[in-house]
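Report on one structure; see the data block that follows.
Every heavy atom of this structure was used, including side-chain atoms; hydrogens, water molecules and symmetry mates were not.
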Amino acid sequence: MKHTLKRIMFVLVAVLALFWVAASQLLPGVIRSQVQHLETQIGARIAIGAIQIEPLMLRARLNDVALMPLNGNADDALLTLKQLEVDARFWPLLTGRVSLERIVLDQPQAGLVRSADRGRQAGVWNWLVFVDRLKALGDQSPPADPAQQSAIKVSVDEFVLKDGRVMVRDPR
């Protein structure tokens, strides 16, 4: 009996260690891949620095995050974050729900920039262009197959903004 119990404990520890290694090593690549896919959909660049995953805590930290227009530079960023931290709960995931215990945006800065160009986009605010792009994506017809439509429920218990700022630049 003792020998069987030791084997079971060894297998359990090995599975947990394997899960931890796989999640902490593979998830950052998956996140970067999904971000690249999202960039093509929303027509904006998303830059992410270091990604830290704590699989046993269901915690993810993304450092130095920036959302920028495709044709802009870092000074024209729509949004920058020093760090984005997300803590999830395990049990709701088993029932098909995403329950986020906490989302923390550390030093977010929203940038409102009006273009100084004399061309087609003259005098247009960067966020208006971005929102129009998102609206166009939302206006697309949903998949005909109901099985492809998402029925995932998401809840957030705590949303924290630390040291947020809004930067406005109007060259006119």
Side-chain angles (χ1 to χ4, degrees), residues 18-90 92-113 115 120-121 124-162 164 166-167:
L18 192 62
F19 168 73
W20 181 83
V21 168
S24 63
Q25 298 301 314
L26 296 177
L27 280 179
V30 170
I31 290 171
R32 289 190 192 282
S33 171
Q34 290 301 311
V35 164
Q36 286 179 340
H37 177 69
L38 182 62
E39 286 177 334
T40 60
Q41 287 184 323
I42 65 173
R45 284 185 308 158
I46 303 171
I48 300 175
I51 299 175
Q52 301 167 322
I53 305 291
E54 297 178 31
L56 298 180
M57 299 292 293
L58 293 179
R59 177 175 294 144
R61 284 189 193 99
L62 285 68
N63 296 306
D64 303 318
V65 179
L67 174 66
M68 299 169 280
L70 282 177
N71 56 356
N73 57 29
D75 293 337
D76 297 333
L78 296 159
L79 180 68
T80 59
L81 303 167
K82 179 174 176 72
Q83 187 176 76
L84 166 64
E85 182 176 321
V86 179
D87 292 332
R89 290 200 168 99
F90 178 73
L93 290 173
L94 298 176
T95 62
R97 293 185 352 248
V98 176
S99 179
L100 302 177
E101 185 175 348
R102 205 169 74 121
I103 298 175
V104 179
L105 304 179
D106 191 8
Q107 297 180 17
Q109 178 174 310
L112 301 170
V113 180
S115 67
R120 187 170 168 231
Q121 296 287 329
V124 177
W125 292 94
N126 61 346
W127 273 96
L128 292 177
V129 173
F130 181 67
V131 169
D132 285 345
R133 173 73 178 177
L134 293 180
K135 185 175 183 263
L137 286 172
D139 290 343
Q140 296 174 355
S141 60
D145 183 12
Q148 289 182 337
Q149 294 181 0
S150 175
I152 295 175
K153 296 181 181 179
V154 178
S155 64
V156 178
D157 293 341
E158 184 180 8
F159 186 82
V160 179
L161 289 172
K162 290 182 182 177
V166 174
M167 182 271 305

Approximate separation, where rounding is to 0.5 Å, of Asp64 CG and Gln107 CD
10.0 Å
Arg102 side-chain N/O to Val160 backbone N/O, donor-acceptor pair under 3.5 Å:
no
Smallest separation among heavy atoms of Leu78 and Pro69, with atom names:
CG-CD, 4.3 Å
Exam field: side chain Glu39 to backbone Ile46, donor-acceptor pair closer than 3.5 Å:
yes
Heavy-atom check, side chain of Ile31 versus side chain of Ile53, under 4.5 Å:
yes
Between Val104 and Lys162, does the side-chain contact (heavy atoms from CB on, under 4.5 Å) criterion hold? Intermediate values first, please.
CA-CA 7 Å; Val104 179; Lys162 290 182 182 177; 3.9 Å; yes
Just how far is it from atom CD of Glu101 to atom OG of Ser155, taken to the nearest 0.5 Å?
10.5 Å
Atom CG in Leu81, atom CG in Leu105: separation rounded to 0.5 Å?
5.5 Å
Spacing of CE belonging to Met68 relative to CZ belonging to Arg45, to within rounding of 0.5 Å:
4.0 Å
Indicate yes or no: at least one non-hydrogen side-chain atom of Val98 is less than 4.5 angstrom from one of Lys153.
no
If we ignore hydrogens and angles and just use 3.5 Å, is the side chain of Arg133 paired with the main-chain N or O of Gln41 as donor and acceptor?
yes
Compare all side-chain heavy atoms of Leu161 with those of Pro108 and state whether any distance is below 4.5 angstrom.
yes
Is the closest side-chain heavy-atom distance between Val65 and Thr80 below 4.5 Å?
no
Below 4.5 Å, heavy atoms only, C-beta onward: do Leu100 and Phe159 meet side chain to side chain?
no
Rounded distance (nearest 0.5 Å) linking atom CD of Glu85 with atom CD1 of Ile103
11.0 Å
In the structure I gave you, are the side-chain heavy atoms of Gln52 and Asn63 within less than 4.5 Å of one another anywhere?
yes
May I ask you to test the Ile42-Leu67 pair for a side-chain heavy-atom distance under 4.5 Å?
yes
Examine distances only and state if a side-chain atom of Asn126 and a backbone atom of Val113 form a donor-acceptor pair shorter than 3.5 Å.
yes
Any non-hydrogen side-chain atom of Leu112 less than 4.5 Å from a side-chain atom of Val166?
yes
For a side-chain contact (heavy atoms from CB on, under 4.5 Å) check, start with the C-alpha distance between Arg61 and Glu54, then their side-chain angles and the critical distance, and finish with the verdict.
CA-CA 9 Å; Arg61 284 189 193 99; Glu54 297 178 31; 2.7 Å; yes
Is the shortest distance from a Lys or Arg side-chain nitrogen in Asp87 or Arg59 to a carboxylate oxygen in the other one below 4.0 Å?
yes
Sidechain-backbone polar pair: Trp127 side chain, Ala110 backbone, donor-acceptor under 3.5 Å:
no
